[in-house]
Amino acid sequence: MIFSADDHAFMAQALRLAEQGLFTTTPNPRVGCVIVRDRQVVGQGWHERAGEPHAEVHALLMAGEAARGATAYVTLEPCSHHGRTPPCANALMDAGVSRVVAAMRDPNPLVAGRGLALLTLAGVRVDVGLLEAEATELNIGFVTRMTRGRPWVRVKTASSLDGKTALESGESKWITGEAARADVHRLRARACAVLTGVGTVLADDPSMNVRGLETSRQPLRVVLDSQLRTPPHARILQEEGAWLVCSQADARRRDALLAAGALILQLPGQDGRIDVPALFKELGDRGLNEVHVEAGATLNGSLLSAGLVDEWVAYLAPLVMGHRAHGVFDLPALQSMRGRRVFDLLDSRQIGCDLRLTLRFSGEAKA
């Protein structure tokens with residue numbers, strides 16, 4: 001299918017609309033819709049929150065009768081099933097839309113081409129694949145959950161140029177500058193959950209919430225705490241939505257933490273450790289699309305060794321901290337370069353005085 005310049009422009013507009021739901025749509029995907037008649041936009045909208053009208057409904061309400069014979073540009077295949085809201089494919093047909101351009105098919109098995117098939121059977125022209133890569137990237141967590149049964153895992157680190165995250169004493173405030181720290185809050189805000197380890201909680205007593213930007217939703221906070229060592233007065237428990245994941249639970253500690261408002265999930269694994277793959281499956285089953293990790297070298301290394309790191313956002317500060325400082329990933333010593341972990345560099349940019357690298361795990365060593 002060859003798409004016109006107008007097609008590209010209107011789909012790009014739909015994607016910009018979808019981005020407005022970046023912080024709010026979970027567990028649903030971020031979707032935008034633009035309705036065009038005679039090359040003029042007559043309706044537009046985006047999905048704002050789960051349980052509220054989808055992007056197509058907002059756009060159709062704005063378009064009114066002008067939707068008849070128009071083209072609808074949608075960043076994701078219109079749904080065909082009754083969930084919390086009626087099917088959008090039916091709404092488009094009832095409005096008399098003559099053409100639907102979808103950036104991508106819906107990976108949700110409840111939809112998976114059915115919405116497009118319904119439209120085609122009703123005589124609506126359907127074209128798919130315009131700016132598909134951009135649409136997929138916008139919903140990388142939703143796609144991952146639907147196709148792999150777990151959330152997209154994004155690890156954030158802040159380190160010196162020599163790869164250190166804290167001094168030997170544990171002191172780490174602050175390695176990066178104010179602009180980089182503010183940028184991290186945007187990553188937290190788009191995530192369904194922020195995950196850390198009990199070591200970080202005991203050392204830094206972090207809140208792990210979103211601050212400094214406007215958002216109507218705070219991500220869940222998940223702490224891997226195999227023996228429930230988190231203090232009941234920890235700052236991470238001060239807001240609703242904190243989960244402690246353990247492998248064994250002392251009754252007194254459990255009761256004290258429950259009284260402090262924590263939710264406790266027990267997932268025993270080998271050698272008294274938490275079954276981390278089971279945790280991510282559980283998070284996927286509960287509708288979490290993206291998990292943002294801010295942890296120490298031990299948990300970071302465990303996730304990387306288990307093949308659970310999809311993306312690494314590394315903030316590098318222009319300073320050196322010395323070889324005795326703490327590193328980014330605690331990993332076994334390599335016997336040869338064939339065992340090295342290789343990432344593809346997606347993006348690099350300066351954030352204030354620091355450098356931000358966005359990397360994806362390639363899974364293969366390169367010559």
[X] bridged to [Y] by N-O distance under 4.0 Å:
| X | Y | result |
| --- | --- | --- |
| D310 | R148 | yes |
| E19 | R186 | no |
| R349 | D183 | no |
| R114 | D106 | no |

Within this structure, what is the [atom1]-[atom2] distance for the pair [X] and [Y], rounded to the nearest 0.5 Å?
| X | Y | atom1 | atom2 | result |
| --- | --- | --- | --- | --- |
| E132 | M11 | CD | CE | 10.5 Å |
| T358 | L345 | OG1 | CG | 8.0 Å |
| E294 | L195 | CD | CG | 10.5 Å |
| S247 | L265 | OG | CG | 11.5 Å |
| E311 | T144 | CD | OG1 | 10.0 Å |
| L258 | I264 | CG | CD1 | 4.0 Å |

Check: [Y] and [X] side chains under 4.5 Å, non-hydrogen atoms:
| X | Y | answer |
| --- | --- | --- |
| L331 | S305 | yes |
| L283 | W243 | yes |
| R145 | P151 | no |
| T200 | L299 | no |
| V124 | L92 | no |
| P53 | H58 | yes |
| T215 | H185 | no |

Shortest non-hydrogen separation from [X] to [Y] and the atoms involved:
| X | Y | answer |
| --- | --- | --- |
| L267 | A278 | CD1-C, 4.1 Å |
| N28 | F142 | C-CD1, 4.5 Å |
| G287 | P27 | O-CB, 3.0 Å |
| V194 | P219 | CG2-CG, 3.8 Å |
| L237 | A242 | CD2-CB, 3.7 Å |
| M62 | Q44 | SD-N, 3.5 Å |

How about [X]: does its [atom1] atom have over 12 heavy atoms from other parts shown lying under 6.0 Å from it?
| X | atom1 | value |
| --- | --- | --- |
| E239 | CD | yes |
| R99 | CZ | yes |
| D347 | CG | yes |

Side-chain ([X]) to main-chain ([Y]) donor-acceptor, under 3.5 angstrom:
| X | Y | result |
| --- | --- | --- |
| T25 | R49 | no |
| R254 | A249 | no |
| R253 | Q227 | yes |
| N300 | G296 | yes |
| R150 | E282 | no |
| S98 | A70 | yes |
| T75 | G32 | yes |
| R188 | N209 | yes |
| D225 | R229 | yes |
| T24 | E48 | yes |

Should [X] and [Y] be counted in the same cluster of Ile, Leu, Val, Met, Phe, Trp and Tyr side chains packed under 4.5 Å apart?
| X | Y | value |
| --- | --- | --- |
| V184 | V222 | no |
| V31 | M104 | yes |
| V309 | L359 | yes |
| V126 | L60 | yes |
| W152 | L288 | no |

Item to check | Trace of the side chain to side chain contact (heavy atoms under 4.5 Å, CB included) decision for F3 with V101 | outcome: CA-CA 10 Å; F3 295 100; V101 182; 3.9 Å; yes
Item to check | Counterpart residues, salt bridge (charged side-chain N to carboxylate O under 4.0 Å, His left out), relative to R30 (two or more places apart) | outcome: E290
Item to check | Test log, rule side chain to side chain contact (heavy atoms under 4.5 Å, CB included), inputs S348 and L357 | outcome: CA-CA 5 Å; S348 62; L357 305 179; 3.5 Å; yes
Next on the checklist: Applying side-chain hydrogen bond (donor to acceptor under 3.5 Å, both in side chains) to D354 and T176, what does each step give before you reach the verdict?
Outcome noted: CA-CA 7 Å; D354 305 305; T176 53; 4.6 Å; no
Checklist entry - Which class fits the ring pair H54 and H47: parallel under 30°, tilted 30 to 60°, perpendicular over 60°? => result perpendicular
Next on the checklist: Angle between ring planes, F343 versus F361, binned at 30° and 60°: parallel, tilted or perpendicular?
Outcome noted: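 Geometry flag for F361 against F343: tilted rings.
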Checklist entry - Will you find, in the side chains of D6 and S4, an N or O donor that is under 3.5 Å from an N or O acceptor? => result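 Absent: no donor and acceptor within the cut-off.
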Checklist entry - How far apart are the C-alpha atoms of L213 and F23, what are their side-chain angles, what is the distance that settles it, and do they pass the side chain to side chain contact (heavy atoms under 4.5 Å, CB included) test? => result CA-CA 11 Å; L213 59 87; F23 301 157; 3.8 Å; yes
Item to check | R341 NZ/CZ over W312 ring centroid, <6.0 Å and within 45° of normal | outcome: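 Verdict for W312: no cation-pi partner in R341.
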Checklist entry - Would I175 and M321 satisfy side chain to side chain contact (heavy atoms under 4.5 Å, CB included), going step by step from the backbone distance to the final call? => result CA-CA 10 Å; I175 294 173; M321 296 171 63; 4.0 Å; yes
Checklist entry - Can you tell which of Q238, R235, Q218 makes a side-chain hydrogen bond (donor to acceptor under 3.5 Å, both in side chains) with S207? => result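 So the option named by the test is R235.
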Item to check | Criterion side-chain contact (heavy atoms from CB on, under 4.5 Å) against E77, the qualifying member of V111, L119, V128 | outcome: V111
